[in-house]
Amino acid sequence: MHLFLNLLPAVCILIAQIRFVAAAPLSSDVAIQAGGGLPNNGFPTLISQDAIKEFQLLLFLENLEAFFFKNGLANLTSCGTSRYSNDTVEVISKIAAQEEVHVTTLTTLLQAYNQTVIPPCNYTFPITSMDQFLAYSDIITSVGIGAIIGLADRLSSSDPLLIKSTSSIITVESRHDAFFRQMDGEVPNPSPFDTGISGIWAYNLALPFVLPGSCPIEIPLPVLPTLSATNNNSRNGTLRQVEFRWNPSQLPLEKEGSKQLFIGWLNQLNLPTYTNLTIQGQGKGSAEVPQGLNGAAFAALTSQKPNNANDLALATLAGPVALKLS
Ligand SMILES: *[C@@H]1O[C@H](CO)[C@@H](O)[C@H](O)[C@H]1NC(C)=O
Ligand SMILES: *[C@@H]1O[C@H](CO)[C@@H](O)[C@H](O)[C@H]1NC(C)=O
Ligand SMILES: *[C@@H]1O[C@H](CO)[C@@H](O)[C@H](O)[C@H]1NC(C)=O
Ligand SMILES: *[C@@H]1O[C@H](CO)[C@@H](O)[C@H](O)[C@H]1NC(C)=O
Ligand SMILES: *[C@@H]1O[C@H](CO)[C@@H](O)[C@H](O)[C@H]1NC(C)=O
Ligand SMILES: *[C@@H]1O[C@H](CO)[C@@H](O)[C@H](O)[C@H]1NC(C)=O
Ligand SMILES: *[C@@H]1O[C@H](CO)[C@@H](O)[C@H](O)[C@H]1NC(C)=O
């Protein structure tokens, strides 16, 4: 099937002449701060329709990151970073500039194929302290890393020529994440693998930070009922419990009847694992964290136990939520 699709020109967008189109211009200050500007290596002649959709979603995510770090940086420079090392502002300035280069690069790519560019939305972050800024930096960056790993996996056979570019973004995002973890007093490298996620999950993980109705162009992916989690690190022996909350008006669980509900967990390169959700009241339940999960993990409420990440995304009743487990 893949081979057939690859040979079928109808699913590909062909541009006769690849030119490096100047997109929303990147200021030379940003390029200097970032350590480099737009790549000058051009784009492949062919790109699949799936890749266009994937890069539109990635631009949606990078827009969020770019705004987040720009806004965070403005907060830091006005509030100070006295508790943290002197190069904090310098590093976060570099991170903000690098996100801007990613945004402009993806914009240029979509324009090169004459495709819709996804503009930024308006955003909201529940951040009132440096500690919260660091925690959300880790979460937002981990979602970006998971999204690009998933994207690279999905495009590896249809668009192999785009994998080098996406890989070179993931490694930079991981360095950002390592920095935030270390600043937050955590080891920068909690696990041997990071966790790839589906496009639907990546989109829904970003949505809580997007002001509803503020996106000039909406991404055509399903919006799932929200799930939140309190990882209060309560341990029962070696078992960790996480408390989950959902909105009963978005998710009337009586529709599920007396079915056992599960939390599906995704971490590193492993298949999803499931633990029972114990309902503790309306819109509230708890589940044990499976053994051996570390670093950024993703969890969703489901009544099924699919054995792969993409099917779990399709079987998600609420969520997902990103959790820092170590
Ligand atoms: C910046 O500060 C404002 C005002 O306190 C806050 O609402 C916002 O979430 C902060 N943004 C970031 C990224 O820290
Ligand atoms: C930060 O800079 C101040 C003033 O330049 C200096 O006194 C202090 O030792 C520096 N702190 C660190 C952690 O480098
Ligand atoms: C780009 O898209 C516009 C609007 O759909 C269309 O009019 C134009 O012909 C396209 N250009 C190329 C080079 O495909
Ligand atoms: C988004 O932000 C822009 C610029 O700050 C503002 O003009 C606009 O009203 C906002 N839109 C929404 C839906 O909040
Ligand atoms: C935290 O853990 C304790 C001990 O298991 C539990 O009693 C409490 O309800 C938990 N609190 C939250 C907010 O999850
Ligand atoms: C730990 O879990 C066991 C089995 O679920 C339960 O019987 C026990 O009460 C729990 N202990 C605490 C402190 O929550
Ligand atoms: C999960 O729930 C099922 C059905 O309610 C029950 O049979 C099973 O023992 C539970 N598993 C655990 C580990 O509690």
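One-based numbering, in listed order, for ligands and for the atoms of each.
- Hydrophobic clustering (side-chain heavy atoms under 4.5 Å, transitive across Ile, Leu, Val, Met, Phe, Trp, Tyr) keeps Leu301 apart from Val143.
- Atoms of ligand 1 lying under 4.0 Å from any heavy atom of Phe68, numbered from 1 in the order shown and given with element: 13 (C).
- A continuous path of ILVMFWY side-chain contacts below 4.5 Å connects Val223 to Leu57, so both sit in one hydrophobic cluster.
- The protein residues lying under 4.0 angstrom from ligand 4, judged by non-hydrogen atoms, are Asn122, Leu211, Ser214.
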Would you give me the side-chain donor-acceptor pairs under 3.5 Å for residues 61-69, sequence neighbours excluded?
unit_1 : atom_1 : unit_2 : atom_2 : d
Asn63  : ND2    : Leu59  : O      : 3.3
Asn63  : ND2    : Ile118 : O      : 2.9

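- Atoms of ligand 1 found under 4.0 Å from any heavy atom of Asn75 (numbered from 1 in listed order, with element): 1 (C), 2 (O), 3 (C), 8 (C), 10 (C), 11 (N), 12 (C), 14 (O).
- In this structure, Ile219 is a member of the same hydrophobic cluster as Leu58, with clusters built from ILVMFWY side-chain heavy atoms closer than 4.5 Å.
- By the 3.5 Å distance cut-off applied to N or O atoms, Gly72 is not counted among the residues near ligand 1.
- More than 12 heavy atoms of other residues, nucleotides or ligands sit less than 6.0 Å from atom NZ of Lys94.
- Taking the centre and axis of the six-membered ring of Phe262, the NZ or CZ atom of Lys305 falls inside the cone set by 45° and 6.0 Å.
- Residue contacts with ligand 1: Asn71 is included, with a non-hydrogen atom under 4.0 Å away.
- The proximity of Phe133 to ligand 1, defined as any non-hydrogen pair under 4.0 Å, is limited to the side chain.
- Ring to ring, Phe209 and Tyr123 are not that close: their centroids are 6.0 angstrom or more apart.
- Residues Trp201 and Ser198 approach most closely at N-OG, 3.1 Å, considering heavy atoms.
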